[in-house]
Amino acid sequence: MDSKPIKIYGTGYGHAGGVHSARPLYEIRGGNVYTTTYHEKGMQAVPWFQIRGNKMVHTSSNPDGMQHNAWYEIRGKNIHTTTHHPEGSTPVPVFKMR
């Protein structure tokens, strides 16, 4: 039985890139994070991130390339940037999961 993917939405108020969307930009399927048709780059067949514990780690298919440190941290249903993100960490979430 397949589980329903978790949708990830931009929050707007804390997003490092300033993106807000009422539509999901990413979705989590099987421990991997994929873009959706609503993402500015469109839906991709390969994951951009992999979930490891409470971190979102870049995969080799991410346009920013592989990173040694996670740029995003999952806290409950919220996703925050970490100190390793190019724009630094944020006290408010940049994404929300639903």
Given the rule in the side chain to side chain contact (heavy atoms under 4.5 Å, CB included) test, do Ile28 and Met97 qualify, once you have shown the distances and angles that lead to the verdict? CA-CA 9 Å; Ile28 301 172; Met97 297 184 291; 3.7 Å; yes
For Glu27 and Ile8, run side chain to side chain contact (heavy atoms under 4.5 Å, CB included): C-alpha distance rounded to whole Å, both residues' side-chain angles, the deciding distance at 0.1 Å, then the answer. CA-CA 6 Å; Glu27 67 180 28; Ile8 300 175; over 6 Å; no
Could you go through Thr82 and Asn69, starting from their C-alpha distance and side-chain angles, then the distance that decides it, and tell me whether this counts as side chain to side chain contact (heavy atoms under 4.5 Å, CB included)? CA-CA 9 Å; Thr82 69; Asn69 298 296; over 6 Å; no
Can you tell if the side chain of [X] reaches within under 4.5 Å of the side chain of [Y], non-hydrogen atoms only?
{"X": "Gln50", "Y": "Val33", "value": "no"}
{"X": "Tyr26", "Y": "Phe95", "value": "yes"}
{"X": "Gln67", "Y": "Asp64", "value": "yes"}

Considering all heavy atoms, the nearest [X]-[Y] contact:
{"X": "Thr90", "Y": "Thr81", "value": "N-OG1, 3.0 Å"}
{"X": "Ser60", "Y": "Met66", "value": "N-SD, 3.1 Å"}
{"X": "Ser61", "Y": "Val46", "value": "CB-CG2, 3.4 Å"}
{"X": "Pro5", "Y": "Arg29", "value": "CB-CG, 3.5 Å"}

Using modelled atom types and a 3.5 Å cut-off, is there a donor and acceptor pairing between side-chain atoms of [X] and backbone atoms of [Y]?
{"X": "Glu73", "Y": "Ala70", "answer": "no"}
{"X": "Thr83", "Y": "Gly88", "answer": "no"}
{"X": "Thr37", "Y": "Met43", "answer": "no"}
{"X": "Thr35", "Y": "Gln44", "answer": "yes"}

Could you tell me if the ring centre of Tyr72 sits under 6.0 Å from that of His85? yes
Check whether Val57 and Ile6 end up in the same hydrophobic cluster, where Ile, Leu, Val, Met, Phe, Trp and Tyr are linked by side-chain heavy atoms less than 4.5 Å apart. no
Co-membership, hydrophobic cluster, residues Tyr34 and Ile74, 4.5 Å side-chain: no
What's the verdict on ring pair (Phe, Tyr, Trp, His ring centres under 6.0 Å) for Trp48 and His39, showing C-alpha distance, side-chain angles and the deciding distance? CA-CA 12 Å; Trp48 279 15; His39 191 279; 5.0 Å; yes
Show your working on side chain to side chain contact (heavy atoms under 4.5 Å, CB included) between Arg98 and Tyr9 and close with a plain yes or no. CA-CA 8 Å; Arg98 294 189 232 160; Tyr9 298 80; 3.7 Å; yes
